Amino acid sequence: MPEMPEVENIVRGIRKYIVNQKIVDIEIIKGDVIKYPEIKKYKELLIGNSIKAIDRRGKYIILKMDNGILSVIHLRMTGKLLYTLQNQPIDKYSCVVFYLEDGNKLVYADVRRLGTLEVVNTDELSRIKGLYTLGAEPLSKEFTIEYLQNILKGSKSKIKSFLLNQKNIAGLGNIYVDEALFLSKINPLRIATSLNDMEIKRLHEAINKVISAGIEDGGTTFRDYRNGLGGKGSHQEHLYVYNRKGQPCRLCQTVIEKTTVGGRGTYYCPSCQRLDS
DNA sequence: AAGGATACCTGAATGC
DNA sequence: TGCATTCAGGTATCCT
C-alpha cells in the first residue's frame, strides 16, 4: 500500500505524540509479522526503553530507542502504524500493540500480514538488506540529474521495473512510478539505457514533482492506506493515469490503458507516452 | 545482470 | 446466491 509519500505522512503525523515516550509493554496478537529477533527477545529489547526519534528511509520506518537499538518497520502492502488513544478501540487487524507510558498506544495492524517488524543494533543494520542497499531519496541533495544518468547507464531493465527497484531510487512504488512516467512522457516499456538526456531531465523533475505532491496531499488512499492518526490522503483525486483505465487522459483525452510490466499492473496514456517517436 | 515465476497472506471485486 | 478466479500502494528468493 504505502509508498514514500504515505510513509512520510505516517512518520510526520505521529512523531510529536510518541517521541520521548517509554514503551511500557508490548502485546503480540499476530506474532508472525515479527521477523527478528524471536518474539521473546524482541519484547525484551524494547520494553522499558524510550523512543528517541522516528524517521523514514525509503519505505522503512525507523524508531531510534534510547538504548541505542533500532526498531525497523516495513508496511509492505497493507501495513498500518496507528497512534491510538487510550479509550479508542484498536484496529480490527492489529498484530502488535506498543503501550506507551501516557496510556496511549502505537498499533501495528496489517490485513495481509506481509509487513515486517525487526529490532537491530545500530552496528547490525546490514542485517536488513533491503534497508542497507537503498538508492538515493527523491527530493534529496544526492538525487541529481547526474545521479539518475549514472544509474540508468547500462541498465537493460524496462524503465518501469528500473524505477520500482529500491536499489536505484528509494521510495517509489507502483502508483508514483506510473505517474512520473506519464508526466515525463516516457512509455513504461522503454529500456532504461535508451533514455536521452532530455528524457532523463524530464524524468528527474517528474519524480520529484509527483513525490512532493503526494506528500503534500497526505498520500494516496485507495483502500487500506491511513496515516498514523487514521486519516485518509487525497492524492488519488489528482492522479493522471494510475487506476484510470478506460478514462480520458487529462491532457489529450485519449483513453488510458492498462497493461502488465514486470508483473505489475501499469497504467499509461498510449498517446502521450509513445514507444516509438 | 535481468527477468520471470513463486511465495508470503487476506479480502474485495469480478466472472460465470 | 454461490463458488471460482483475479487482483491489490511490496519485496525476497529461486530459477533460467
Side-chain angles (χ1 to χ4, degrees), chain A residues 1-10 29-36 56-61 72-81 91-95 108-118 126-135 138 151-181 188-194 210-211 213-215 217-228 232-239 241-246 258-267:
Chain A
M1 99 171 142
E3 305 179 33
M4 188 271 238
E6 288 73 38
V7 179
E8 179 66 21
N9 270 283
I10 292 171
I29 298 167
K30 296 280 186 185
D32 57 353
V33 293
I34 295 175
K35 302 300 177 189
Y36 183 84
R56 179 195 59 74
R57 173 79 174 98
K59 301 172 193 171
Y60 287 86
I61 297 168
V72 180
I73 298 172
H74 196 299
L75 306 171
R76 293 286 177 98
M77 294 290 263
T78 52
K80 298 181 205 172
L81 193 59
D91 187 279
K92 183 177 172 188
Y93 296 102
S94 296
C95 300
Y108 180 77
D110 193 342
V111 174
R112 293 171 66 182
R113 302 200 310 283
L114 297 175
T116 58
L117 278 67
E118 299 171 84
S126 59
R127 174 177 284 285
I128 305 174
K129 209 173 153 213
L131 175 58
Y132 189 67
T133 58
L134 286 175
I151 58 173
L152 285 167
K153 208 177 293 173
S155 170
K156 292 173 202 153
S157 296
K158 299 180 185 88
I159 188 65
K160 160 102 184 192
S161 305
F162 180 92
L163 295 174
L164 284 173
N165 186 340
Q166 304 298 296
K167 294 183 182 73
N168 297 137
I169 300 169
L172 294 176
N174 211 29
I175 295 176
Y176 295 98
V177 164
D178 281 5
E179 293 296 304
L181 289 174
L189 292 173
R190 288 281 301 283
I191 301 303
T193 196
S194 79
V210 295
I211 288 293
I215 293 173
D217 289 339
T220 304
T221 298
F222 275 116
R223 41 182 84 82
D224 302 292
Y225 171 68
R226 294 294 182 278
N227 63 34
K232 297 182 180 183
S234 67
H235 193 64
Q236 62 279 9
E237 295 161 23
H238 305 292
L239 296 174
V241 287
Y242 188 85
N243 208 34
R244 294 196 68 243
K245 177 186 172 182
K258 184 187 183 190
T259 182
T260 301
V261 181
R264 306 299 303 276
T266 299
Y267 300 85

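By convention in this document, chain letters (A, B, ...) are assigned in the order of the sequence lines, proteins followed by strands, and residues within each chain are numbered from 1. Because the structure is predicted, anything quoted here is derived from the model rather than measured. Just so it is clear, the values below take in all heavy atoms, side chains as well, and ignore hydrogens, waters and symmetry mates.
- Taking atom NZ on A:K167 and atom P on C:dT11, their separation rounds to 10 Å, with Å as the unit.
- Separating the CE atom of A:M77 from the P atom of C:dC7 is a distance of 13 Å, rounded to the nearest angstrom.
- The same atom, P, is picked in B:dT6 and in C:dT5; the two are 16 Å apart, to the nearest Å.
- In terms of modelled atom types and a separation under 3.5 Å, the side chain of A:T266 and the main chain of A:R264 share a donor-acceptor contact.
- Going from atom CG of A:D110 over to atom P of C:dT11 covers 13 Å, rounded to whole Å.
- Nucleotides B:dG11 and C:dT11 place their P atoms 22 Å apart, quoted to the nearest Å.
- Among the protein residues, A:K59 comes within range of the sugar-phosphate backbone only, with heavy atoms under 4.0 Å from sugar or phosphate atoms but none that close to a base.
- Using a 4.0 Å heavy-atom distance criterion, A:K258 is classed as a sugar-phosphate-only contact.
- A side-chain donor-acceptor contact under 3.5 Å links A:Y176 and A:E6.
- Look at CG on A:L164: it is 7 Å from P on C:dG10, rounded to the nearest Å.
- To the nearest 0.5 Å, the span separating CG on A:L152 from OG1 on A:T193 amounts to 7.5 Å.
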Between the protein and nucleotides 1-3 of chain B, list the N/O to N/O atom pairs that are separated by less than 3.5 angstrom.
unit_1, atom_1, unit_2, atom_2, d
B:dG3, OP1, A:K156, O, 2.8
B:dG3, OP2, A:S157, OG, 3.0

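- Distance noted for atom P between C:dC7 and B:dA5: 13 Å (whole Å).
- Between A:L114 and A:K129, it is A:L114 whose nearest contact on DNA chain C lies nearer the 5' terminus.
- The interatomic distance linking A:M4 (CE) with C:dG10 (P) rounds to 14 Å, in whole Å.
- The shortest heavy-atom contact between A:P5 and A:G214 is CB-C, 3.6 Å.
- With P as the reference atom, B:dA1 and C:dG10 are 25 Å apart, rounded to whole Å.
- Whole-Å rounding puts the A:R264 CZ to B:dT6 C1' distance at 15 Å.
- Pairing partner, B:dC8: C:dG10, with both Watson-Crick or wobble hydrogen-bond distances short of 3.5 Å.
- Between C:dT11 and A:Q166, a contact under 4.0 Å exists linking OP1 or OP2 to a side-chain N or O.
- If you run side chain to side chain contact (heavy atoms under 4.5 Å, CB included) between A:I128 and each of A:H74, A:E118, A:K35, only A:E118 comes through.
- When each of A:T220, A:N9, A:T221, A:D217 is tested with A:H235 by the rule side-chain hydrogen bond (donor to acceptor under 3.5 Å, both in side chains), just one qualifies, namely A:D217.
- Between A:H74 and A:R112, the residue anchored nearer the 5' end of DNA chain C, judged by the nucleotide with its closest heavy atom, is A:R112.
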Show each protein N/O and nucleotides 11-15 of chain B N/O combination with a separation under 3.5 Å, one pair to a line.
unit_1, atom_1, unit_2, atom_2, d
B:dG11, OP1, A:Y93, OH, 3.3

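- At least one side-chain heavy atom of A:L239 sits under 4.5 Å from a side-chain heavy atom of A:E179.
- The base of B:dC9 is not paired with the side chain of A:R113 by any donor and acceptor separated by under 3.5 Å.
- In this structure, CD of A:E3 is placed 13 Å from C1' of C:dT11, rounded to the nearest angstrom.
- Using a 4.5 Å cut-off on side-chain heavy atoms (C-beta onward), A:I10 and A:Y225 make contact.
- For residues 156-167 of chain A, the salt bridge (charged side-chain N to carboxylate O under 4.0 Å, His left out) pairs, not counting sequence neighbours, are A:K160-A:D178.
- The closest side-chain heavy-atom distance from A:Y108 to A:I61 is not below 4.5 Å.
- Summarising the geometry, the separation between CD on A:E118 and P on C:dA12 is reported as 10 Å, rounded to the nearest angstrom.
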